[in-house]
Amino acid sequence: MSKAISIIMGSQSDLEIVCETIKLLKEFKAGFEVRVLSAHRTPKELAAYVELASRKGTKVFIAAAGGAAALAGVVAAHTTLPVIGIPIETSALKGIDSLLSTVQMPAGVPVASMAIGKAGAKNAALFALEILGITNKKISSALKRYRSEAAARIKAIKL
Ligand code: RP5
């Protein structure tokens with residue numbers, strides 16, 4: 001699979017959290033590319049990238065942003081491919097601002113918002129893989145293995 005997942009973050013300062021998404025995608029040997037593009041600082045470049053990536057074979061977008069986080073919604077405005085949002089935690093409002101900006105899309109242009117922060121970043125990778133797994137047996141089997149391994153770790157706990 002080559003670069004079926006495009007990850008976009010609004011700022012380099014989001015990378016610490018987005019690293020969790022990247023780590024998991026590497027674990028699954030998934031093809032992905034990463035860009036820093038902002039809905040408000042580089043709106044034209046963002047639109048151009050989303051349109052190009054969609055033509056070049058991206059199947060799912062992941063968009064991570066914090067604050068008045070328009071990024072995932074703007075990505076979704078430029079494509080009908082699925083868009084997964086990661087709300088980044090902020091110092092002022094602890095990421096509630098990012099969460100609401102990402103999740104509260106008006107009807108017609110959906111964004112699948114994950115949880116705030118690291119959990120959301122990990123789940124964004126897994127959710128993207130689940131979407132790709134609908135038509136890719138290797139990915140869906142790898143996801144099933146990942147779940148069984150997590151279950152085995154819980155069952156192995158002896159208190
Ligand atoms: C958003 O503003 C970014 O996604 C980031 O989470 C936040 C702060 O950006 P910086 O000021 O650190 O570049 O656009």
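Values below: every heavy atom of this structure, side chains too, minus hydrogens, waters and symmetry copies.
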Inset, instruction - Take Leu71 and Leu37, measure what side-chain contact (heavy atoms from CB on, under 4.5 Å) needs, and give me the verdict at the end. - result: CA-CA 9 Å; Leu71 184 64; Leu37 287 165; 5.5 Å; no
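The closest side-chain heavy-atom distance from Ile17 to Lys118 is below 4.5 Å. Put simply, the side chain of Met105 does not reach to within 4.5 Å of the side chain of Ser113, judged on heavy atoms. The closest side-chain heavy-atom distance from Thr102 to Ile86 is not below 4.5 Å. Side chains of Ile22 and Phe32 form a contact here, defined as non-hydrogen atoms less than 4.5 Å apart. Contact annotation: the side chain of Tyr146 approaches that of Leu24 to within less than 4.5 Å [non-hydrogen atoms, C-beta and beyond]. Contact annotation: the side chain of Thr79 never approaches that of Thr58 to less than 4.5 Å [non-hydrogen atoms, C-beta and beyond]. Proximity of Met9 to Leu15: side-chain heavy atoms (C-beta onward) are separated by under 4.5 Å at one or more points.
If you take CD1 on Ile96 and CD on Glu89, they are separated by 9.5 Å, rounding to the nearest 0.5 Å. Atom-to-atom distance recorded for Thr21:OG1 and Leu126:CG is 9.5 Å, nearest 0.5 angstrom. The distance from the CD atom of Glu33 to the NZ atom of Lys56 is 5.5 Å, given to the nearest 0.5 Å. Distance check: Leu129 CG to Glu27 CD gives 10.0 Å after rounding to the nearest 0.5 Å.
Residues Ser91 and Lys94 come closest through the heavy atom pair O-NZ, 3.9 Å. In terms of heavy-atom proximity, Met114 sits nearest to Ile84 at CG-CG2, 3.6 Å. Heavy atoms only, all atoms of each residue included: Gly133 and Ser140 are closest at O-CB, 3.6 Å. Contact record, Val83 with Ala76: CG2-CA, 3.7 Å, taken as the closest heavy-atom pair. Listed here is the closest heavy atom pair of Ala121 and Glu20: CB-CB, 3.9 Å. Of all non-hydrogen atoms in Ser101 and Gly67, the two that sit nearest each other are OG-O, 3.4 Å.
Ion pair Arg147/Glu130 flagged as a salt bridge, since at least one NZ, NE, NH1 or NH2 atom sits closer than 4.0 Å to an Asp/Glu carboxylate oxygen.
At a cut-off of 3.5 Å, with distance as the only test, a side-chain donor of Tyr49 or Ser6 sits close to an acceptor on the other residue.
In this structure, Ser98 contributes its side chain and Ile88 its backbone to a donor-acceptor pair below 3.5 Å. Under a 3.5 Å cut-off, the side chain of Asn136 and the backbone N or O of Leu132 do not form any donor-acceptor pair. Put simply, the side chain of Thr90 gets close to the backbone of Gly95: a donor and an acceptor are under 3.5 Å apart. Without hydrogens or angle criteria, Ser54 side chain to Val50 main chain gives a donor-acceptor distance under 3.5 Å.
Scored by the side chain to side chain donor-acceptor pair (under 3.5 Å) test, Glu45 finds no partners at all (sequence neighbours excluded).
Val111 and Ile7 fall into different hydrophobic clusters, where Ile, Leu, Val, Met, Phe, Trp and Tyr are joined by side-chain heavy atoms under 4.5 Å apart, directly or via other members. Both Ile139 and Val60 are assigned to one and the same hydrophobic cluster, defined by single-linkage of ILVMFWY side chains at heavy-atom distances under 4.5 Å. Linking ILVMFWY residues whenever their side-chain heavy atoms come closer than 4.5 Å, directly or via other members, leaves Ile62 and Val74 in distinct clusters. Cluster annotation: Phe28 and Val18 are assigned to the same hydrophobic cluster (Ile/Leu/Val/Met/Phe/Trp/Tyr, side-chain heavy-atom contacts under 4.5 Å, transitive). Ile8 and Val34 end up in different hydrophobic clusters when Ile, Leu, Val, Met, Phe, Trp and Tyr side chains are linked at under 4.5 Å.
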